[in-house]
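Just so we're on the same page: letters track the sequence lines, and every chain starts at 1. Nothing here was measured: the structure is a model prediction, and the numbers come from that model.
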Protein chains: 2
Amino acid sequence: MKKYEIKRRVEYYEADTTQKLSLPMILNYAVLASKCQSDELGVGQDFHLGRGLGWIILQYEVIIKRRPKIGEIIRIQTFATQYNPFFVRRPFVFLDENDNEIIRVDSIWTMIDMTNRRMARLPQDIIDQYDAKRVKQISRIPNPEKFSDDDQYTERDYHVRYLDIDGNKHVNNSKYFEWMQDVIAPEYLLTHEITYINLKFENEIRLGHTILSQVVQNDNKSKHRIMMENVISAEAEFKWRKI
Amino acid sequence: MKKYEIKRRVEYYEADTTQKLSLPMILNYAVLASKCQSDELGVGQDFHLGRGLGWIILQYEVIIKRRPKIGEIIRIQTFATQYNPFFVRRPFVFLDENDNEIIRVDSIWTMIDMTNRRMARLPQDIIDQYDAKRVKQISRIPNPEKFSDDDQYTERDYHVRYLDIDGNKHVNNSKYFEWMQDVIAPEYLLTHEITYINLKFENEIRLGHTILSQVVQNDNKSKHRIMMENVISAEAEFKWRKI
(Lines give C-alpha, C1' and ligand atoms only; values in the text may rest on other atoms or scores of the structure.)
Protein backbone atom coordinates (compact mmCIF):
# COMPACT_ATOMS: atom_id res chain seq x y z
CA MET A 1 0.00 0.00 0.00
CA LYS A 2 1.50 3.29 -1.06
CA LYS A 3 0.64 6.08 1.31
CA TYR A 4 0.57 9.66 0.11
CA GLU A 5 0.33 12.87 2.07
CA ILE A 6 -0.42 16.52 1.35
CA LYS A 7 -0.21 19.46 3.71
CA ARG A 8 -2.72 22.32 3.71
CA ARG A 9 -3.17 25.51 5.70
CA VAL A 10 -6.87 26.27 6.20
CA GLU A 11 -7.51 29.67 4.58
CA TYR A 12 -10.28 32.09 5.50
CA TYR A 13 -12.22 31.45 2.29
CA GLU A 14 -12.21 27.71 2.99
CA ALA A 15 -13.95 28.18 6.33
CA ASP A 16 -17.57 28.81 7.17
CA THR A 17 -18.94 31.31 9.65
CA THR A 18 -17.65 29.16 12.57
CA GLN A 19 -14.10 29.87 11.27
CA LYS A 20 -13.64 26.13 10.75
CA LEU A 21 -13.04 24.20 7.53
CA SER A 22 -16.33 24.03 5.63
CA LEU A 23 -17.95 20.69 4.78
CA PRO A 24 -17.39 21.01 1.02
CA MET A 25 -13.70 21.76 1.61
CA ILE A 26 -13.28 18.49 3.53
CA LEU A 27 -14.14 16.67 0.30
CA ASN A 28 -12.05 18.98 -1.84
CA TYR A 29 -8.96 18.39 0.30
CA ALA A 30 -9.49 14.63 0.17
CA VAL A 31 -9.92 14.53 -3.60
CA LEU A 32 -6.91 16.80 -4.00
CA ALA A 33 -4.78 14.33 -2.03
CA SER A 34 -5.85 11.46 -4.30
CA LYS A 35 -5.25 13.52 -7.44
CA CYS A 36 -1.76 14.43 -6.25
CA GLN A 37 -1.00 10.78 -5.55
CA SER A 38 -2.21 9.72 -9.00
CA ASP A 39 -0.09 12.43 -10.62
CA GLU A 40 2.96 11.32 -8.68
CA LEU A 41 2.41 7.70 -9.69
CA GLY A 42 2.24 8.75 -13.34
CA VAL A 43 -1.43 7.77 -13.74
CA GLY A 44 -3.04 11.18 -13.20
CA GLN A 45 -5.86 12.83 -15.07
CA ASP A 46 -4.04 13.36 -18.38
CA PHE A 47 -3.10 9.69 -18.40
CA HIS A 48 -6.54 8.14 -17.82
CA LEU A 49 -8.44 10.77 -19.82
CA GLY A 50 -6.06 9.91 -22.65
CA ARG A 51 -7.66 6.45 -22.56
CA GLY A 52 -11.16 7.87 -22.37
CA LEU A 53 -11.56 6.93 -18.71
CA GLY A 54 -12.41 9.03 -15.67
CA TRP A 55 -12.61 8.32 -11.94
CA ILE A 56 -15.88 8.94 -10.15
CA ILE A 57 -16.81 8.62 -6.52
CA LEU A 58 -19.85 6.53 -5.58
CA GLN A 59 -19.97 6.98 -1.84
CA TYR A 60 -18.36 8.88 1.00
CA GLU A 61 -18.32 8.24 4.70
CA VAL A 62 -16.90 11.04 6.85
CA ILE A 63 -16.20 10.86 10.57
CA ILE A 64 -15.49 14.26 12.05
CA LYS A 65 -13.92 14.53 15.47
CA ARG A 66 -12.97 18.15 15.03
CA ARG A 67 -12.95 20.52 12.06
CA PRO A 68 -9.68 22.51 11.85
CA LYS A 69 -9.72 26.30 12.26
CA ILE A 70 -8.45 29.03 9.93
CA GLY A 71 -4.66 29.09 10.02
CA GLU A 72 -4.26 25.48 11.18
CA ILE A 73 -1.90 23.34 9.17
CA ILE A 74 -3.19 19.86 8.59
CA ARG A 75 -1.97 16.82 6.70
CA ILE A 76 -4.21 14.59 4.61
CA GLN A 77 -2.98 11.04 4.12
CA THR A 78 -4.47 8.69 1.58
CA PHE A 79 -3.94 5.26 0.08
CA ALA A 80 -5.95 2.76 -1.93
CA THR A 81 -6.64 -0.20 0.34
CA GLN A 82 -8.67 -2.67 -1.70
CA TYR A 83 -9.76 -3.12 -5.28
CA ASN A 84 -11.61 -5.54 -7.49
CA PRO A 85 -12.15 -5.23 -11.25
CA PHE A 86 -14.67 -2.41 -10.76
CA PHE A 87 -14.19 -0.69 -7.45
CA VAL A 88 -11.51 0.84 -5.27
CA ARG A 89 -11.79 1.71 -1.63
CA ARG A 90 -9.75 4.70 -0.55
CA PRO A 91 -9.53 6.14 2.98
CA PHE A 92 -8.24 9.59 3.89
CA VAL A 93 -6.93 10.55 7.31
CA PHE A 94 -6.74 14.21 8.35
CA LEU A 95 -4.11 14.88 11.01
CA ASP A 96 -3.54 18.05 12.99
CA GLU A 97 -0.17 19.50 14.00
CA ASN A 98 -0.06 17.21 17.04
CA ASP A 99 -0.62 14.12 14.86
CA ASN A 100 -4.15 13.69 16.15
CA GLU A 101 -6.63 12.21 13.71
CA ILE A 102 -9.34 14.85 13.40
CA ILE A 103 -11.27 13.68 10.32
CA ARG A 104 -11.49 10.34 8.56
CA VAL A 105 -13.02 9.95 5.13
CA ASP A 106 -13.70 6.64 3.45
CA SER A 107 -14.70 6.43 -0.19
CA ILE A 108 -15.63 4.04 -2.98
CA TRP A 109 -14.41 4.88 -6.48
CA THR A 110 -15.03 3.47 -9.90
CA MET A 111 -14.00 4.37 -13.43
CA ILE A 112 -16.33 5.37 -16.21
CA ASP A 113 -16.05 5.52 -19.96
CA MET A 114 -16.10 9.27 -20.62
CA THR A 115 -18.07 8.99 -23.85
CA ASN A 116 -21.08 6.99 -22.64
CA ARG A 117 -20.62 7.63 -18.87
CA ARG A 118 -20.95 3.87 -18.17
CA MET A 119 -18.90 2.01 -15.61
CA ALA A 120 -15.66 0.60 -16.98
CA ARG A 121 -13.30 -2.13 -15.83
CA LEU A 122 -10.28 -0.71 -13.99
CA PRO A 123 -7.19 -1.07 -16.21
CA GLN A 124 -4.69 -3.32 -14.44
CA ASP A 125 -1.67 -1.15 -15.26
CA ILE A 126 -3.34 1.86 -13.62
CA ILE A 127 -4.55 0.03 -10.53
CA ASP A 128 -1.18 -1.72 -10.10
CA GLN A 129 0.47 1.63 -9.40
CA TYR A 130 -1.40 2.10 -6.13
CA ASP A 131 -0.28 -1.17 -4.63
CA ALA A 132 -3.72 -1.96 -3.20
CA LYS A 133 -4.94 -5.38 -2.16
CA ARG A 134 -6.94 -7.30 -4.74
CA VAL A 135 -10.11 -8.70 -3.19
CA LYS A 136 -13.20 -10.46 -4.46
CA GLN A 137 -15.56 -8.00 -2.91
CA ILE A 138 -14.45 -4.72 -1.45
CA SER A 139 -15.85 -4.07 2.00
CA ARG A 140 -18.96 -1.95 1.70
CA ILE A 141 -19.88 1.31 3.34
CA PRO A 142 -23.42 0.90 4.78
CA ASN A 143 -26.15 2.68 2.82
CA PRO A 144 -27.49 5.90 4.25
CA GLU A 145 -30.95 5.48 5.75
CA LYS A 146 -33.68 6.12 3.18
CA PHE A 147 -36.67 8.46 3.50
CA SER A 148 -39.78 6.59 4.57
CA ASP A 149 -43.22 7.32 3.18
CA ASP A 150 -44.43 9.14 6.24
CA ASP A 151 -41.32 11.28 6.70
CA GLN A 152 -42.14 14.97 6.83
CA TYR A 153 -39.39 16.65 4.87
CA THR A 154 -38.62 20.27 4.18
CA GLU A 155 -37.05 21.22 0.89
CA ARG A 156 -35.47 24.08 -1.01
CA ASP A 157 -34.65 24.33 -4.70
CA TYR A 158 -31.15 25.10 -5.97
CA HIS A 159 -30.39 26.15 -9.50
CA VAL A 160 -27.17 24.48 -10.68
CA ARG A 161 -24.75 27.39 -11.16
CA TYR A 162 -22.01 27.92 -13.70
CA LEU A 163 -19.41 27.69 -10.91
CA ASP A 164 -20.85 24.41 -9.60
CA ILE A 165 -19.40 22.75 -12.69
CA ASP A 166 -15.74 21.82 -12.51
CA GLY A 167 -13.04 21.24 -15.10
CA ASN A 168 -14.51 17.78 -15.77
CA LYS A 169 -17.77 19.43 -16.93
CA HIS A 170 -19.68 17.96 -13.99
CA VAL A 171 -21.02 19.22 -10.73
CA ASN A 172 -18.21 19.25 -8.19
CA ASN A 173 -19.09 16.56 -5.61
CA SER A 174 -18.57 18.99 -2.78
CA LYS A 175 -21.61 21.03 -3.92
CA TYR A 176 -23.90 18.24 -2.68
CA PHE A 177 -22.61 18.93 0.82
CA GLU A 178 -23.45 22.61 0.38
CA TRP A 179 -27.01 21.90 -0.87
CA MET A 180 -27.61 19.41 1.93
CA GLN A 181 -26.27 21.64 4.66
CA ASP A 182 -27.91 24.84 3.42
CA VAL A 183 -31.44 23.47 3.71
CA ILE A 184 -31.00 23.19 7.48
CA ALA A 185 -31.94 26.28 9.51
CA PRO A 186 -28.94 28.51 10.37
CA GLU A 187 -30.08 28.47 14.03
CA TYR A 188 -29.52 24.71 14.07
CA LEU A 189 -26.20 24.89 12.19
CA LEU A 190 -24.85 27.51 14.59
CA THR A 191 -25.70 25.42 17.66
CA HIS A 192 -24.73 21.98 16.37
CA GLU A 193 -21.52 20.49 15.10
CA ILE A 194 -21.48 17.79 12.46
CA THR A 195 -19.90 14.48 13.48
CA TYR A 196 -20.76 12.07 10.65
CA ILE A 197 -21.71 12.07 6.97
CA ASN A 198 -22.63 9.12 4.78
CA LEU A 199 -23.37 10.22 1.22
CA LYS A 200 -24.18 8.01 -1.73
CA PHE A 201 -24.37 9.33 -5.29
CA GLU A 202 -27.03 7.87 -7.54
CA ASN A 203 -27.44 10.02 -10.65
CA GLU A 204 -25.39 12.83 -12.14
CA ILE A 205 -26.62 16.40 -12.29
CA ARG A 206 -25.93 18.76 -15.17
CA LEU A 207 -25.61 22.52 -15.54
CA GLY A 208 -28.85 24.45 -15.90
CA HIS A 209 -31.01 22.02 -13.95
CA THR A 210 -32.72 22.93 -10.74
CA ILE A 211 -32.42 20.40 -7.94
CA LEU A 212 -34.39 19.98 -4.74
CA SER A 213 -32.53 19.50 -1.49
CA GLN A 214 -34.81 17.66 0.95
CA VAL A 215 -34.19 17.03 4.61
CA VAL A 216 -35.81 15.16 7.48
CA GLN A 217 -34.44 16.20 10.87
CA ASN A 218 -34.64 14.12 14.00
CA ASP A 219 -32.78 15.17 17.13
CA ASN A 220 -29.15 14.68 16.33
CA LYS A 221 -29.68 13.11 12.91
CA SER A 222 -30.69 14.39 9.50
CA LYS A 223 -31.57 12.42 6.39
CA HIS A 224 -30.99 14.10 3.03
CA ARG A 225 -32.03 13.63 -0.54
CA ILE A 226 -31.09 15.55 -3.67
CA MET A 227 -33.83 15.20 -6.30
CA MET A 228 -33.62 16.10 -9.96
CA GLU A 229 -36.90 15.81 -11.84
CA ASN A 230 -38.26 13.20 -9.39
CA VAL A 231 -35.14 11.08 -9.63
CA ILE A 232 -32.87 10.63 -6.61
CA SER A 233 -29.49 12.09 -7.38
CA ALA A 234 -27.94 11.47 -3.97
CA GLU A 235 -28.92 10.29 -0.49
CA ALA A 236 -27.19 11.01 2.76
CA GLU A 237 -27.30 10.73 6.49
CA PHE A 238 -25.70 13.35 8.76
CA LYS A 239 -25.15 13.15 12.51
CA TRP A 240 -24.79 16.17 14.77
CA ARG A 241 -23.96 17.02 18.35
CA LYS A 242 -25.14 20.03 20.31
CA ILE A 243 -22.38 22.56 20.97
CA MET B 1 6.20 50.93 0.76
CA LYS B 2 6.40 47.43 2.13
CA LYS B 3 5.78 44.81 -0.52
CA TYR B 4 4.46 41.40 0.45
CA GLU B 5 4.15 38.25 -1.61
CA ILE B 6 2.36 34.92 -1.35
CA LYS B 7 2.66 31.90 -3.60
CA ARG B 8 -0.32 29.72 -4.58
CA ARG B 9 -0.81 26.65 -6.73
CA VAL B 10 -4.18 26.77 -8.50
CA GLU B 11 -6.13 23.70 -7.34
CA TYR B 12 -8.91 21.95 -9.26
CA TYR B 13 -11.62 23.17 -6.88
CA GLU B 14 -10.48 26.76 -7.36
CA ALA B 15 -11.03 26.58 -11.12
CA ASP B 16 -14.19 26.81 -13.18
CA THR B 17 -15.20 24.59 -16.08
CA THR B 18 -12.51 26.24 -18.29
CA GLN B 19 -9.90 24.78 -15.88
CA LYS B 20 -8.75 28.31 -15.08
CA LEU B 21 -8.86 30.19 -11.76
CA SER B 22 -12.47 31.21 -11.08
CA LEU B 23 -13.44 34.88 -10.70
CA PRO B 24 -14.28 34.58 -6.98
CA MET B 25 -10.90 32.95 -6.33
CA ILE B 26 -9.08 35.95 -7.84
CA LEU B 27 -10.53 38.05 -5.03
CA ASN B 28 -9.91 35.41 -2.41
CA TYR B 29 -6.22 35.14 -3.34
CA ALA B 30 -5.86 38.94 -3.24
CA VAL B 31 -7.52 39.31 0.15
CA LEU B 32 -5.44 36.39 1.48
CA ALA B 33 -2.25 38.22 0.45
CA SER B 34 -3.32 41.34 2.32
CA LYS B 35 -4.34 39.33 5.39
CA CYS B 36 -0.96 37.58 5.43
CA GLN B 37 0.82 40.92 5.19
CA SER B 38 -1.18 42.38 8.06
CA ASP B 39 -0.45 39.31 10.19
CA GLU B 40 3.26 39.60 9.43
CA LEU B 41 3.25 43.29 10.36
CA GLY B 42 1.61 42.47 13.69
CA VAL B 43 -1.63 44.28 12.86
CA GLY B 44 -3.72 41.34 11.68
CA GLN B 45 -7.32 40.48 12.40
CA ASP B 46 -6.91 39.70 16.12
CA PHE B 47 -5.18 43.04 16.60
CA HIS B 48 -7.77 45.31 14.94
CA LEU B 49 -10.79 43.29 16.07
CA GLY B 50 -9.37 43.70 19.57
CA ARG B 51 -9.99 47.41 19.10
CA GLY B 52 -13.45 46.86 17.68
CA LEU B 53 -12.35 47.72 14.15
CA GLY B 54 -12.59 45.75 10.90
CA TRP B 55 -11.34 46.35 7.35
CA ILE B 56 -13.86 46.42 4.55
CA ILE B 57 -13.38 46.82 0.82
CA LEU B 58 -15.34 49.50 -0.98
CA GLN B 59 -14.28 48.95 -4.57
CA TYR B 60 -12.28 46.60 -6.77
CA GLU B 61 -10.85 47.06 -10.22
CA VAL B 62 -9.49 43.92 -11.88
CA ILE B 63 -7.53 43.77 -15.12
CA ILE B 64 -7.19 40.24 -16.43
CA LYS B 65 -4.66 39.46 -19.12
CA ARG B 66 -4.78 35.72 -18.54
CA ARG B 67 -6.35 33.54 -15.84
CA PRO B 68 -3.92 30.86 -14.60
CA LYS B 69 -4.72 27.17 -15.17
CA ILE B 70 -5.01 24.33 -12.67
CA GLY B 71 -1.53 23.36 -11.47
CA GLU B 72 0.09 26.71 -12.26
CA ILE B 73 2.05 28.31 -9.47
CA ILE B 74 1.50 32.02 -9.20
CA ARG B 75 2.69 34.76 -6.89
CA ILE B 76 0.48 37.54 -5.60
CA GLN B 77 2.27 40.72 -4.58
CA THR B 78 0.60 43.46 -2.60
CA PHE B 79 1.40 46.73 -0.87
CA ALA B 80 -0.55 49.71 0.46
CA THR B 81 0.30 52.67 -1.80
CA GLN B 82 -1.66 55.63 -0.45
CA TYR B 83 -3.76 56.48 2.56
CA ASN B 84 -5.62 59.36 4.12
CA PRO B 85 -7.47 59.35 7.45
CA PHE B 86 -10.27 57.18 6.02
CA PHE B 87 -9.10 55.24 2.97
CA VAL B 88 -6.29 53.03 1.79
CA ARG B 89 -5.51 52.12 -1.78
CA ARG B 90 -4.00 48.68 -2.23
CA PRO B 91 -2.93 47.08 -5.53
CA PHE B 92 -2.27 43.39 -6.11
CA VAL B 93 -0.12 42.00 -8.90
CA PHE B 94 -0.48 38.36 -9.96
CA LEU B 95 2.68 36.98 -11.61
CA ASP B 96 3.12 33.67 -13.40
CA GLU B 97 6.18 31.41 -13.27
CA ASN B 98 7.87 33.49 -15.98
CA ASP B 99 7.35 36.71 -14.00
CA ASN B 100 4.68 37.91 -16.38
CA GLU B 101 1.94 40.03 -14.88
CA ILE B 102 -1.27 38.14 -15.63
CA ILE B 103 -3.80 39.85 -13.34
CA ARG B 104 -3.80 43.24 -11.63
CA VAL B 105 -6.28 44.12 -8.90
CA ASP B 106 -6.68 47.57 -7.41
CA SER B 107 -8.78 48.17 -4.33
CA ILE B 108 -10.00 50.82 -1.91
CA TRP B 109 -10.30 49.87 1.76
CA THR B 110 -11.69 51.51 4.82
CA MET B 111 -12.17 50.55 8.46
CA ILE B 112 -15.48 50.24 10.25
CA ASP B 113 -16.52 50.20 13.84
CA MET B 114 -17.68 46.59 14.30
CA THR B 115 -20.51 47.47 16.68
CA ASN B 116 -22.37 50.06 14.61
CA ARG B 117 -20.83 49.17 11.18
CA ARG B 118 -20.00 52.87 10.56
CA MET B 119 -16.81 54.09 8.94
CA ALA B 120 -14.00 54.73 11.38
CA ARG B 121 -10.81 56.78 11.25
CA LEU B 122 -7.76 54.62 10.47
CA PRO B 123 -5.63 54.33 13.63
CA GLN B 124 -2.23 55.87 12.89
CA ASP B 125 -0.27 53.06 14.59
CA ILE B 126 -1.93 50.48 12.35
CA ILE B 127 -1.54 52.41 9.11
CA ASP B 128 2.07 53.29 9.92
CA GLN B 129 3.04 49.63 9.68
CA TYR B 130 2.34 49.47 5.95
CA ASP B 131 4.66 52.34 5.07
CA ALA B 132 2.18 53.82 2.59
CA LYS B 133 2.23 57.41 1.35
CA ARG B 134 -0.01 59.85 3.18
CA VAL B 135 -2.04 61.90 0.71
CA LYS B 136 -4.88 64.39 0.94
CA GLN B 137 -7.09 62.47 -1.43
CA ILE B 138 -6.34 58.99 -2.56
CA SER B 139 -6.58 58.56 -6.31
CA ARG B 140 -10.04 57.23 -7.19
CA ILE B 141 -11.09 54.20 -9.16
CA PRO B 142 -13.71 55.38 -11.69
CA ASN B 143 -17.29 54.39 -10.86
CA PRO B 144 -18.78 51.51 -12.80
CA GLU B 145 -21.34 52.68 -15.36
CA LYS B 146 -24.86 52.81 -13.90
CA PHE B 147 -28.01 51.24 -15.31
CA SER B 148 -30.04 53.77 -17.28
CA ASP B 149 -33.83 53.94 -17.17
CA ASP B 150 -34.32 52.31 -20.53
CA ASP B 151 -31.83 49.49 -20.00
CA GLN B 152 -33.41 46.10 -20.58
CA TYR B 153 -31.99 43.88 -17.88
CA THR B 154 -32.36 40.22 -17.13
CA GLU B 155 -32.29 39.05 -13.54
CA ARG B 156 -32.17 35.99 -11.34
CA ASP B 157 -32.71 35.70 -7.63
CA TYR B 158 -30.16 34.18 -5.26
CA HIS B 159 -30.91 33.13 -1.74
CA VAL B 160 -27.97 34.03 0.53
CA ARG B 161 -26.64 30.67 1.68
CA TYR B 162 -25.12 29.59 4.96
CA LEU B 163 -21.75 29.08 3.25
CA ASP B 164 -21.83 32.56 1.65
CA ILE B 165 -21.17 33.95 5.13
CA ASP B 166 -17.57 33.99 6.24
CA GLY B 167 -15.85 34.02 9.62
CA ASN B 168 -16.61 37.76 9.89
CA LYS B 169 -20.34 36.98 9.81
CA HIS B 170 -20.76 38.73 6.46
CA VAL B 171 -21.16 37.68 2.89
CA ASN B 172 -17.74 36.88 1.46
CA ASN B 173 -17.02 39.59 -1.16
CA SER B 174 -16.16 36.99 -3.74
CA LYS B 175 -19.79 35.77 -3.78
CA TYR B 176 -20.80 38.97 -5.60
CA PHE B 177 -18.62 37.86 -8.49
CA GLU B 178 -20.40 34.51 -8.52
CA TRP B 179 -23.89 36.06 -8.53
CA MET B 180 -22.89 38.54 -11.25
CA GLN B 181 -21.29 35.93 -13.47
CA ASP B 182 -23.96 33.28 -12.99
CA VAL B 183 -26.76 35.42 -14.39
CA ILE B 184 -25.00 35.44 -17.78
CA ALA B 185 -25.89 32.58 -20.14
CA PRO B 186 -23.40 29.65 -20.04
CA GLU B 187 -23.18 29.82 -23.85
CA TYR B 188 -21.77 33.33 -23.53
CA LEU B 189 -19.43 32.44 -20.65
CA LEU B 190 -18.00 29.48 -22.57
CA THR B 191 -17.23 31.60 -25.65
CA HIS B 192 -15.97 34.76 -23.95
CA GLU B 193 -13.12 35.48 -21.60
CA ILE B 194 -13.34 38.21 -18.98
CA THR B 195 -10.77 41.02 -19.27
CA TYR B 196 -11.95 43.67 -16.80
CA ILE B 197 -14.08 44.04 -13.67
CA ASN B 198 -14.94 47.21 -11.79
CA LEU B 199 -17.09 46.47 -8.74
CA LYS B 200 -18.31 48.93 -6.16
CA PHE B 201 -20.01 47.84 -2.94
CA GLU B 202 -22.85 50.00 -1.66
CA ASN B 203 -24.78 48.15 1.04
CA GLU B 204 -24.10 45.00 2.99
CA ILE B 205 -26.11 41.81 2.57
CA ARG B 206 -27.03 39.49 5.42
CA LEU B 207 -27.75 35.78 5.71
CA GLY B 208 -31.27 34.70 4.87
CA HIS B 209 -32.00 37.48 2.41
CA THR B 210 -32.69 36.86 -1.23
CA ILE B 211 -30.85 39.13 -3.64
CA LEU B 212 -31.48 39.88 -7.29
CA SER B 213 -28.55 39.76 -9.70
CA GLN B 214 -29.38 41.99 -12.68
CA VAL B 215 -27.41 42.29 -15.90
CA VAL B 216 -27.47 44.37 -19.07
CA GLN B 217 -25.31 42.89 -21.81
CA ASN B 218 -23.93 44.83 -24.74
CA ASP B 219 -21.42 43.25 -27.11
CA ASN B 220 -18.27 42.89 -25.07
CA LYS B 221 -19.56 44.68 -21.99
CA SER B 222 -21.93 43.82 -19.18
CA LYS B 223 -23.32 46.07 -16.48
CA HIS B 224 -24.34 44.44 -13.21
CA ARG B 225 -26.37 45.29 -10.18
CA ILE B 226 -27.05 43.35 -6.99
CA MET B 227 -30.33 44.44 -5.44
CA MET B 228 -31.60 43.66 -1.98
CA GLU B 229 -35.18 44.79 -1.31
CA ASN B 230 -34.97 47.55 -3.96
CA VAL B 231 -31.71 48.90 -2.58
CA ILE B 232 -28.52 48.67 -4.63
CA SER B 233 -26.03 46.47 -2.81
CA ALA B 234 -23.31 46.57 -5.47
CA GLU B 235 -22.75 47.79 -9.01
CA ALA B 236 -20.23 46.55 -11.51
CA GLU B 237 -19.01 46.70 -15.04
CA PHE B 238 -17.40 43.68 -16.74
CA LYS B 239 -15.58 43.59 -20.08
CA TRP B 240 -15.19 40.48 -22.23
CA ARG B 241 -13.42 39.30 -25.34
CA LYS B 242 -14.55 36.61 -27.71
CA ILE B 243 -12.40 33.46 -27.51
Side-chain angles (χ1 to χ4, degrees), chain A residues 6 8-20 22-25 27-32 35-36 39 44-46 69-71 156-175 177-179 181-190 206-208 213, chain B residues 6 8-20 22-25 27-32 35-36 39 44-46 69-71 156-175 177-179 181-190 206-208 213:
Chain A
I6 62 168
R8 301 298 292 176
R9 179 182 183 271
V10 177
E11 302 300 356
Y12 82 95
Y13 50 78
E14 299 172 337
D16 61 21
T17 185
T18 66
Q19 308 203 341
K20 291 187 264 187
S22 71
L23 302 192
M25 280 310 303
L27 272 206
N28 286 335
Y29 278 2
V31 172
L32 178 63
K35 275 180 186 281
C36 289
D39 284 341
Q45 181 152 302
D46 292 347
K69 296 200 91 169
I70 296 172
R156 174 172 273 157
D157 60 316
Y158 294 86
H159 151 79
V160 180
R161 299 182 182 176
Y162 181 73
L163 287 183
D164 296 340
I165 309 296
D166 65 18
N168 293 324
K169 319 288 178 210
H170 288 89
V171 172
N172 178 319
N173 279 345
S174 73
K175 292 291 162 181
F177 279 31
E178 179 165 359
W179 296 327
Q181 180 184 30
D182 194 65
V183 76
I184 298 176
E187 298 70 35
Y188 187 90
L189 295 175
L190 293 170
R206 304 295 176 101
L207 176 62
S213 176
Chain B
I6 62 168
R8 301 297 293 174
R9 180 182 183 271
V10 177
E11 302 300 356
Y12 83 96
Y13 50 78
E14 300 173 336
D16 61 22
T17 184
T18 65
Q19 308 203 338
K20 291 186 265 186
S22 72
L23 302 191
M25 281 308 302
L27 273 205
N28 286 335
Y29 278 3
V31 172
L32 177 62
K35 276 181 185 284
C36 290
D39 285 340
Q45 184 153 299
D46 292 346
K69 296 198 93 169
I70 297 170
R156 174 172 274 156
D157 60 314
Y158 293 87
H159 152 78
V160 180
R161 298 181 182 176
Y162 181 74
L163 286 183
D164 295 339
I165 308 296
D166 65 19
N168 294 323
K169 319 285 177 214
H170 288 90
V171 171
N172 178 319
N173 280 344
S174 74
K175 292 291 164 181
F177 279 31
E178 180 166 358
W179 295 328
Q181 180 184 31
D182 194 64
V183 75
I184 298 176
E187 298 70 35
Y188 187 90
L189 296 174
L190 293 170
R206 303 293 177 104
L207 175 63
S213 176

Quiz item: Out of A/Met25, A/Arg156, A/Lys169, A/Gln181, which one racks up the most heavy-atom pairs below 4.5 Å with chain B?
Solution: A/Arg156
Quiz item: Can you name the closest pair of heavy atoms from A/Tyr12 and B/Asn172 and give their distance?
Solution: CE1-ND2, 4.1 Å
Self-check item: Minimum-distance pair of heavy atoms, taken over all atoms of A/Gln19 and B/Gln45
Solution: NE2-NE2, 4.2 Å
Practice problem: Measure the CG-CD distance between A/Asp164 and B/Glu178 for me, rounded to the nearest 0.5 Å. | Solution: 6.5 Å
Quiz item: Taking all non-hydrogen atoms of both residues, which atom of A/Thr17 and which atom of B/Tyr162 are closest, and how far apart?
Solution: CG2-OH, 3.6 Å
Quiz item: Highest number of heavy-atom pairs under 4.5 Å with chain A: which of B/Glu11, B/His170, B/Lys20?
Solution: B/Glu11
Exercise. Please work out whether the ring planes of A/Tyr13 and B/Tyr29 are parallel, tilted or perpendicular, with thresholds of 30° and 60°.
Key: tilted
Exercise. Identify which of B/Ile165, B/Asp39, B/Asp16, B/Asn28 forms the greatest number of heavy-atom pairs closer than 4.5 Å to chain A.
Key: B/Asn28
Practice problem: Report the distance from atom CD of B/Glu14 to atom CD of A/Glu14, rounding to the nearest 0.5 Å. | Solution: 6.5 Å
Quiz prompt | chain A contact via B/Leu23 - side chain, backbone, both or neither, heavy atoms under 4.5 Å | solution = neither
Quiz prompt | Distance (rounded to the nearest 0.5 Å) between B/Asp166 CG and A/Ile70 CD1 | solution = 8.0 Å
